[in-house]
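Structure first, commentary second.
Given the structure is predicted, the values throughout are model-derived calculations rather than measurements. Here, residue 1 is the first one in the sequence, and each next residue gets the next number.
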Amino acid sequence: MDTIGKRARIIILLGPPGAGKGTQAKAIMQRYGIPQISTGDMLREAVKNRTPLGLAAEPIMKSGGYVSDDIINGLVEDRTLQADCVHGFVLDGYPRTVEQAKSLNQLLEKQRRPMPTVVNLQVEPEGMIRRISGRRTCRQCGRIYNIYFSPSQRDPLCDTCGGELFSRPDDDESIVRERLRQYEKQTQPLIQFYRELGQLEGLDGDAAPETVTQRVLEIFEGRKEQHAGS
Ligand code: ADP
């Protein structure tokens, strides 16, 4: 990779299931013209297409567990080599374990890219189950709604494209509880990992989605200036 890599934008969104990572990733993608890399979306696509990866991942996802680090790291590495990633990317749902974060740092170094800006979306635990069980996604354009907080005006159709809205099978309450447990156990330690590296920025994920986007962009621009001047 050439020196373009050094100027690339690498943003990681951290936060529990339902914190708004997907919504924010899409907004950042539009603002900067860099792709969203969502391991959850990639896995759901593989399940839909019945690929070997999809067949292996399906039961794990249905139980609320995590797919193995090796598989996920390989998937992300391949994705970052595609041409649209040359100016960077926004990661949503990856890394999810400390092992994945270490592998990502090695990958960024190998690709001569800057270290990531890591934004932790902090949300009140009480609202979490409603955030997730109320989530609806457009089958056609991927826009995300919430029937309690930000419903589509044309429910069950998408305001943007008229596509059909659906609930993810793993957003069922019993599975959500297991996902939250996995998050506490496996993903929470990441926060400490990035804090020790001085890369972590926290922000209030309970604010309105547009406010959160604005703050994510401010954090990113602020850090970029810091790097340029240092
Ligand atoms: P959410 O962030 O709302 O929990 P995602 O769409 O990111 O959901 O992920 C859905 C499921 O896909 C996870 O519960 C897990 O089984 C699997 N998955 C996604 N990303 C990863 C990852 N980085 N490592 C391991 N498993 C993953």
Side-chain angles (χ1 to χ4, degrees), residues 1-2 4-17 19-30 32-61 64-121 137 142 144 168 170 179 182-183 185-194 197 199-201 216 220:
M1 186 152 306
D2 62 20
I4 283 182
K6 276 284 174 206
R7 297 195 302 266
R9 297 181 159 104
I10 313 288
I11 303 176
I12 296 176
L13 296 172
L14 288 187
K21 301 184 294 289
T23 303
Q24 294 306 324
K26 287 189 173 62
I28 297 165
M29 173 171 87
Q30 280 169 1
Y32 287 141
I34 55 176
Q36 167 193 19
I37 301 185
S38 161
T39 43
D41 285 351
M42 289 161 84
L43 292 171
R44 276 186 287 280
E45 190 62 23
V47 169
K48 194 173 90 190
N49 295 331
R50 317 300 301 153
T51 66
L53 168 65
L55 293 174
E58 189 173 27
I60 302 171
M61 295 171 77
Y66 281 2
V67 175
S68 84
D69 289 336
D70 284 352
I71 292 181
I72 296 283
N73 289 335
L75 196 65
V76 171
E77 174 159 10
D78 287 352
R79 180 66 187 86
T80 63
L81 293 173
Q82 289 177 20
D84 61 341
C85 290
V86 69
H87 297 300
F89 38 82
V90 48
L91 290 164
D92 146 25
Y94 179 90
R96 235 180 176 87
T97 63
V98 172
E99 270 317 297
Q100 291 179 13
K102 288 182 180 163
S103 162
L104 174 66
N105 275 354
Q106 282 168 7
L107 178 70
L108 294 174
E109 213 168 298
K110 187 168 89 181
Q111 295 183 343
R112 297 183 194 287
R113 300 202 197 240
M115 283 298 115
T117 298
V118 186
V119 178
N120 184 29
L121 301 175
T137 309
I144 302 166
R168 277 170 38 184
D170 62 341
R179 283 163 58 204
Q182 290 290 334
Y183 174 81
K185 198 171 104 200
Q186 307 213 53
T187 308
Q188 196 67 29
L190 269 188
I191 294 173
Q192 191 55 24
F193 175 83
Y194 283 122
L197 290 177
Q199 289 169 347
L200 189 77
E201 304 278 355
V216 173
F220 183 75

Interatomic spacing from CD1 in I60 to OG in S68 - rounded to 0.5 Å: 7.0 Å
Does the pair I10 and M115 meet the rule for a side-chain contact (heavy atoms from CB on, under 4.5 Å), with working shown? CA-CA 7 Å; I10 313 288; M115 283 298 115; over 6 Å; no
Gap separating the CG atom of D70 from the CD atom of E99, nearest 0.5 angstrom: 9.0 Å
Please examine the side chains of L13 and I28, heavy atoms only from C-beta on, and report whether any two atoms are closer than 4.5 Å. yes
Is there side-chain contact between R79 and P35, with heavy atoms separated by less than 4.5 Å? yes
For I37 and C85, what are the C-alpha separation, side-chain angles and deciding distance, and is it a side-chain contact (heavy atoms from CB on, under 4.5 Å)? CA-CA 9 Å; I37 301 185; C85 290; 4.1 Å; yes
How long is the gap from CG on L121 to CD on Q24, to the nearest 0.5 Å? 6.5 Å
Under a 4.5 Å cut-off applied to non-hydrogen side-chain atoms, are Q182 and T187 in contact? no
At what distance, to the nearest 0.5 angstrom, does CD of Q106 lie from NZ of K102? 9.5 Å
N/O donor-acceptor pair under 3.5 Å between R179 side chain and D170 backbone: yes
Closest non-hydrogen atoms of Y194 and L104, given as atom of the first, atom of the second and distance, are OH-CD2, 4.2 Å
Check whether any side-chain heavy atom of F89 lies under 4.5 Å from a side-chain heavy atom of Y32, and answer yes or no. no
Hey, could you give me the OG1/CD1 distance between T39 and I72, rounded to the nearest 0.5 Å? 5.0 Å
Smallest separation among heavy atoms of P116 and N105, with atom names: CD-OD1, 4.1 Å
Closest non-hydrogen atom pair between G88 and I34, with its separation: O-CB, 3.6 Å
Heavy-atom distance under 4.5 Å between the side chains of I12 and Y94, does that happen here? no
Distance under 6.0 Å and angle within 45° of ring axis: R9 vs F220: no
With a 4.5 Å heavy-atom cut-off, do L108 and T80 have their side chains touching? no
Least distance between heavy atoms, R113 atom then Q111 atom: NE-OE1, 2.8 Å
Do L200 and L14 have side chains that approach each other closer than 4.5 Å (heavy atoms only, starting at C-beta)? yes
Tightest non-hydrogen contact, residues L55 and R50, listed as CD2-NH2, 3.3 Å
Considering the options K21, Q36, K26, which one meets the side chain to side chain donor-acceptor pair (under 3.5 Å) requirement together with D92? Q36
Mind checking whether V118 and F193 have side chains closer than 4.5 Å, heavy atoms only? no
Could you report the tightest heavy-atom contact between T97 and L190, atom names first, then the distance? O-CD2, 3.4 Å
Output the distance between atom CD (Q186) and atom OH (Y66), rounded to the nearest 0.5 Å. 6.0 Å
